[in-house]
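Chain naming here is simple, since letters A, B, ... match the order of the sequence lines and numbering starts at 1 in each. Since the structure is predicted, the reported quantities are computational estimates derived from the model, not experimental observations. As a basis for the values below, the full set of heavy atoms in this structure was taken, side chains included, without hydrogen atoms, waters or symmetry mates.
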Protein chains: 2
Amino acid sequence: MPQKKIRNMEEFAAISGISRPTLSKYFNNPDSVRKSTRQRIEIALDQHDYRPNVYAINQNRQTTRNIGIIVPYLADPFFNEIGRAVEVACIEAGYSPILLSSHGKPDHEAENLESLRSLKPAGVLLAPLGRESNRKTIDKISRDVPLVLFDANIAEVGEAFIGTDNAQSVGLIVEYLCRSGEPPCFFEMKTPSNPNANKRRQAYLASMERHGFTPHIFQAEGHGWGFEEIGQSQGGEMLSRGVFPTNTVLCSNDRLAIGMLSAAYGLGIRVGHGSGCRLRIAGQDDHPFSRFTCPSLTTMAQDYAAIADRAASTLFRIIETNESPETRAETLFDGRLVMRDSA
Amino acid sequence: MPQKKIRNMEEFAAISGISRPTLSKYFNNPDSVRKSTRQRIEIALDQHDYRPNVYAINQNRQTTRNIGIIVPYLADPFFNEIGRAVEVACIEAGYSPILLSSHGKPDHEAENLESLRSLKPAGVLLAPLGRESNRKTIDKISRDVPLVLFDANIAEVGEAFIGTDNAQSVGLIVEYLCRSGEPPCFFEMKTPSNPNANKRRQAYLASMERHGFTPHIFQAEGHGWGFEEIGQSQGGEMLSRGVFPTNTVLCSNDRLAIGMLSAAYGLGIRVGHGSGCRLRIAGQDDHPFSRFTCPSLTTMAQDYAAIADRAASTLFRIIETNESPETRAETLFDGRLVMRDSA
DNA sequence: GGATAATATTTACGCGCGTAAAAAATGAAA
DNA sequence: TTTCATTTTTTACGCGCGTAAATATTATCC
């Protein structure tokens with residue numbers, strides 16, 4: 001148990017009998033001191049529970065070991081999971097992640113980037129809001145520190161991009177839906193802020209053409225991040241008006257699908273791939289709640305573990321070699337078909 | 001546009017023609033300098049976009065303006081919302097919130113508290129994991145800085161507690177269920193980590209006794225934070241075995257209810273309060289997804305805006321007056337009945 | 001045991017800013 | 001204009017640690 005409060009490294013040096021510069025080396029990298037010294041330090045350490053002052057440490061270092069992570073909307077379980085995965089990757093590599101949410105608003109994204117700048121991070125991992133992102137602010141931080149984008153791409157911004165191959169992902173589920181029943185209609189937001197939405201629409205069109213079917217796109221009004229609400233109200237209205245020419249609807253993302261499933265239930269429309277079902281609904285992303293919808297949702301799972309790991313390791317390489325790749329690499333991972341009950 | 005990079009306050013003083021101590025005062029509190037000076041500074045400020053070095057600032061201040069916020073599980077939309085509300089309250093009061101998640105693990109909670117300690121926060125707002133929380137670590141930070149608990153109470157820990165009145169909340173929904181149909185059974189985890197769960201069970205028992213009904217408690221095995229999964233598997237098994245003596249089940253929280261609704265759907269059991277429905281299911285917390293379950297979930301809404309505001313303002317008062325209240329106050333807000341389709 | 005390499009200690013400076021004290025400048029009121 | 005209070009400037013020190021250079025101490029190997 002601690003006898004008395006240790007105020008700084010000087011005092012800890014006196015008590016432990018190790019010189020301050022050696023202690024400083026140890027705290028920077030425990031392996032940089034001899035094993036016997038390390039053990040002496042660690043014994044003293046858990047006798048007196050001293051911790052170096054973070055602020056004093058970072059004041060002198062030109063570059064900290066902080067990594068800024070920004071996701072568009074942390075309340076969305078999908079971004080929560082991917083943000084968390086990135087966080088873990090940073091910790092495992094010995095960095096200090098700082099996970100921030102833009103709460104769906106460009107202003108917040110800009111604010112987050114600004115406050116990150118003053119924390120002098122070694123690098124930033126950004127899942128941008130997309131279309132509405134403030135390019136200037138992003139460029140500004142990009143000049144200061146290495147920046148890697150994930151989830152949503154913005155042309156020529158940052159040193160690299162890591163995400164899901166929307167063409168493959170949408171292509172695969174369209175193929176599955178066509179083979180297992182009627183070809184799908186496509187349900188999406190009219191003005192999506194996320195650039196993935198546009199890629200998905202294009203992938204749907206291309207895929208339907210490839211299979212020789214006529215595409216049908218239906219767009220919901222509204223903006224913001226209340227996708228379930230929008231899927232429920234507008235998707236429900238479309239269902240009750242009977243606008244879909246086939247019995248299958250592919251939603252641009254799971255949250256829209258969750259809303260539409262809820263609406264279908266309310267209308268007494270039986271959803272599923274079995275006989276006696278009038279409607280099939282599928283999604284994209286494998287949202288954590290898609291397992292528990294009624295019926296459970298057939299969807300494409302993003303490999304967010306791979307995305308998170310690759311994004312983090314790409315950033316670490318840039319930081320540690322201190323050189324950006326000559327060409328901006330765009331890495332796309334395949335989605336995986338998750339067949340559940342809804343389609 | 002910035003002509004040249006300003007490295008420190010000294011250089012900014014030279015360029016702006018204001019002395020460094022005056023600038024220092026300004027950055028601490030813009031109102032502490034004369035209006036004309038303030039304007040001169042602000043003009044220079046947006047010409048040169050200089051920002052003081054956070055690390056150098058906090059090194060000298062004995063107490064920062066950081067507020068640590070720790071919630072048990074940020075991926076749970078309920079905690080995400082309440083955490084966010086607390087965050088906003090801090091920003092509005094001029095503090096810098098740092099929102100951390102314990103990811104459901106006591107180790108993480110302890111780690112978060114430790115790393116907060118080294119950030120020398122002005123105060124900490126903690127929604128503890130509960131039973132499994134590491135008392136020692138919590139006590140340790142409590143000696144350093146003011147600590148206010150919210151959501152889940154731990155006896156005699158921290159300067160105050162703010163949460164929901166489980167007795168009122170459960171009492172009200174039990175009364176509603178009794179008046180509108182058969183009296184409810186109670187479905188919960190066998191070994192809940194959250195102390196609210198115990199309060200809710202007791203409230204259920206007391207309430208059933210008050211109405212002269214026999215209570216029936218059913219407990220699910222399992223631990224961790226996968227409540228939907230547990231509700232689906234074990235709740236589903238109970239449904240198929242027909243163990244519930246009445247047609248109404250009150251779940252200890254919405255996430256269990258969401259799982260059970262999913263199981264009921266799978267079993268072809270029609271849930272709802274209307275005729276033709278064999279089962280009623282109700283929850284607690286008004287989880288953001290409860291609006292979109294099939295059928296939508298009848299539940300008790302916590303007033304998390306009030307909880308967040310009160311928790312934050314309580315902490316601010318302690319920080320600003322620099323004195324803890326003589327008695328540890330426990331503030332409980334009422335829950336609100338949300339009647340939807342499931343019960 | 002001696003030579004050599006690896007590691008630790010001593011000494012000293014600087015980072016960017018908070019802050020105190022004394023002197024100077026400014027503003028408002030008489 | 002004088003007077004006095006308020007604000008700003010000047011000067012100077014210290015915070016806790018990174019880090020460099022010179023020196024002293026170890027460990028390793030023949």
OP1 or OP2 of [N] versus the side-chain N and O atoms of [X]: is any pair under 4.0 Å?
X       : N      : result
B:Ser24 : C:dG18 : yes
B:Thr22 : D:dT9  : yes
A:Asn8  : D:dG16 : yes

Is [X] touching bases, backbone alone, or none of the nucleic acid, heavy atoms closer than 4.0 Å?
X       : result
B:Phe12 : nothing
B:Tyr50 : sugar-phosphate
B:Pro21 : base

Which listed nucleotide ([options]) is nearest to the side chain of [X]?
X       : options                : answer
B:Ala56 : C:dT9, C:dC17, D:dC17  : C:dC17
B:Arg34 : D:dT9, D:dG16, D:dT8   : D:dT8
A:Thr37 : D:dT9, C:dT7, D:dT19   : C:dT7
B:Asn28 : C:dT19, D:dT9, C:dC17  : C:dT19
B:Met9  : C:dG16, C:dG18, C:dG27 : C:dG18

Between [atom2] on [N] and [atom1] on [X], what's the gap in Å once rounded to a whole number?
X       : N      : atom1 : atom2 : value
B:Arg7  : C:dG16 : CZ    : P     : 7 Å
B:Ile41 : D:dT7  : CD1   : P     : 14 Å
A:Ile57 : D:dT19 : CD1   : P     : 11 Å
B:Lys25 : D:dT10 : NZ    : P     : 16 Å
A:Asn58 : C:dG14 : CG    : P     : 22 Å
A:Phe27 : D:dG16 : CZ    : C1'   : 12 Å
A:Lys35 : C:dA8  : NZ    : C1'   : 19 Å
A:Arg40 : D:dT26 : CZ    : P     : 10 Å

Parallel, tilted or perpendicular: which describes the rings of A:Phe316 and A:Tyr95, with under 30° parallel and over 60° perpendicular?
->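 Parallel: the ring planes of A:Phe316 and A:Tyr95 meet at under 30°.
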Using the closest heavy atom to pick a nucleotide of DNA chain D for each, name whichever of B:Leu23 or A:Arg51 lands nearer the 5' end.
->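 Closer to the 5' end of DNA chain D: B:Leu23.
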B:Ser36 or B:Gln59, whichever maps to the more 5' nucleotide of DNA chain D |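 It is B:Ser36, whose closest nucleotide lies nearer the 5' terminus.
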For the pair B:Thr64 (side chain) and B:Lys120 (backbone), establish whether a donor and an acceptor sit closer than 3.5 Å, ignoring hydrogens and angles.
->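 It does hold such a pair.
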Less than 3.5 Å between a donor and an acceptor, one on the side chain of A:Arg20 and one on the base of D:dG16, is that the case here?
->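 Counting by modelled atom types and ignoring angles, no donor-acceptor contact under 3.5 Å is found here.
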Evaluation steps, side chain to side chain contact (heavy atoms under 4.5 Å, CB included), between A:Leu149 and A:Arg328 | CA-CA 11 Å; A:Leu149 300 193; A:Arg328 183 178 181 280; 3.9 Å; yes
Side-chain donor-acceptor pair under 3.5 Å between A:Thr137 and A:Asn134, yes or no?
->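 Judged by distance alone, the side chains do pair up.
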Non-hydrogen side-chain atoms of A:Cys90 and A:Leu125 separated by less than 4.5 Å =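 SC-SC contact between A:Cys90 and A:Leu125 confirmed.
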Using a strict cut-off of less than 4.0 Å between a Lys/Arg side-chain nitrogen and an Asp/Glu carboxylate oxygen, indicate whether B:Lys140 and B:Glu114 qualify as a salt bridge.
->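 A salt bridge is present here (some side-chain N lies under 4.0 Å from a carboxylate O).
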